[in-house]
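Computed from a prediction, not measured in an experiment: that's the story for all the values here. All residue numbers refer to positions in the sequence shown, counting from 1.
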Amino acid sequence: LYRSIRVDKHQQSAAAGAAEGAAEGPKKSAIDADLDALDSALPDSLVFSWLVGTVLRRLGRLDEARARMEDVSLKAEALKLGVPLYRVTFNRAQCAFATLHYTAATDVLAPLIAPASTYTAKAMALMHTAAALAATGKATEAREALQQVEAVAKASGGRLDGQLAQRAQV
């Protein structure tokens, strides 16, 4: 999807649309036209919908991305897939955090950082949780989340987790 949507194509389309004048009313950008076409072709695809949410997040269209991620999560829950959708959950939390919904971000991250969770990026989820807690004024809870990063890093032995543990020292 990323490769099929070229940024320069969309920049050219936006420039051309602006040059044609505003008298014709707002035109749909090339990326929106592409996403609409794919949405029509794949109306029930959770994978596609998640990818669109990711594209929208990277484009800075955070409210749209958040809505898309929430929709994917709700539909996946309704399907009772029986597998955790860790990446979708983490992306939901990122969108909530980016749109300044810090309490929602901590709520979404909670299952990822739970002791029983097998999420492989638990240290990163703890870092995001700590940041969201700090943003809501919960300094003690934020510090506790940061303190958990080191234990997670030791248990996983992962290089990224080790780097996060160094950053999380309180």
Side-chain angles (χ1 to χ4, degrees), residues 1-3 5 7 10-11 14 29 31-32 35 38-39 45-170:
L1 178 65
Y2 293 134
R3 291 186 178 130
I5 301 173
V7 173
H10 302 296
Q11 290 172 339
S29 72
I31 194 164
D32 287 320
L35 293 176
L38 287 168
D39 241 349
S45 171
L46 293 180
V47 172
F48 171 72
S49 194
W50 169 71
L51 287 171
V52 169
T54 301
V55 168
L56 293 170
R57 181 174 56 85
R58 290 175 186 240
L59 291 173
R61 294 166 57 178
L62 301 174
D63 289 324
E64 293 172 83
R66 183 172 184 228
R68 196 56 96 129
M69 295 295 180
E70 293 292 334
D71 185 56
V72 169
S73 184
L74 289 172
K75 287 178 179 175
E77 286 174 22
L79 291 173
K80 298 181 192 275
L81 300 173
V83 295
L85 299 176
Y86 290 135
R87 190 67 201 176
V88 172
T89 303
F90 187 74
N91 289 154
R92 281 179 55 214
Q94 286 178 310
C95 289
F97 189 90
T99 56
L100 310 181
H101 293 94
Y102 302 119
T103 301
T106 59
D107 292 345
V108 171
L109 288 165
L112 299 182
I113 63 171
S117 170
T118 58
Y119 184 46
T120 57
K122 193 182 280 192
M124 181 64 75
L126 282 163
M127 294 291 282
H128 278 72
T129 298
L133 288 167
T136 60
K138 297 179 179 176
T140 302
E141 291 92 337
R143 190 174 297 109
E144 290 168 357
L146 288 174
Q147 290 169 341
Q148 291 177 46
V149 173
E150 186 173 0
V152 167
K154 284 181 182 176
S156 77
R159 189 174 72 174
L160 176 59
D161 287 350
Q163 291 170 350
L164 291 171
Q166 288 177 339
R167 293 182 185 150
Q169 291 180 359
V170 288

Aromatic ring pairing Tyr86/Tyr119, orientation class (parallel under 30°, perpendicular over 60°, tilted between): tilted
Heavy-atom check, side chain of Leu46 versus side chain of Val88, under 4.5 Å: no
Contact check, side chains of Leu146 and Arg143, non-hydrogen atoms, under 4.5 Å: no
Donor-acceptor under 3.5 Å (Thr129 side chain, Ala125 main chain): yes
Heavy-atom pair of closest approach, residues Ser49 and Asp71: OG-OD2, 4.4 Å
Separation between CE of Met124 and CD of Gln163, rounded to the nearest 0.5 Å: 9.5 Å
Presence of salt bridge, Lys154 and Glu150, under 4.0 angstrom: yes
Any side-chain heavy-atom pair of Asp32 and Arg61 under 4.5 Å: yes
Within-4.5 Å side-chain heavy-atom neighbours: Met69 and Thr89: no
Approximate separation, where rounding is to 0.5 Å, of Leu164 CG and Leu160 CG: 4.5 Å
Lys122 side-chain N/O to Ala114 backbone N/O, donor-acceptor pair under 3.5 Å: yes
Sub-4.5 Å side-chain heavy-atom contact between Phe90 and Leu109: yes
Parallel, tilted or perpendicular: ring planes of Tyr102 versus Phe97, cut at 30 and 60 degrees: perpendicular
Trace of the side-chain contact (heavy atoms from CB on, under 4.5 Å) decision for Thr136 with Thr106: CA-CA 10 Å; Thr136 60; Thr106 59; 5.9 Å; no
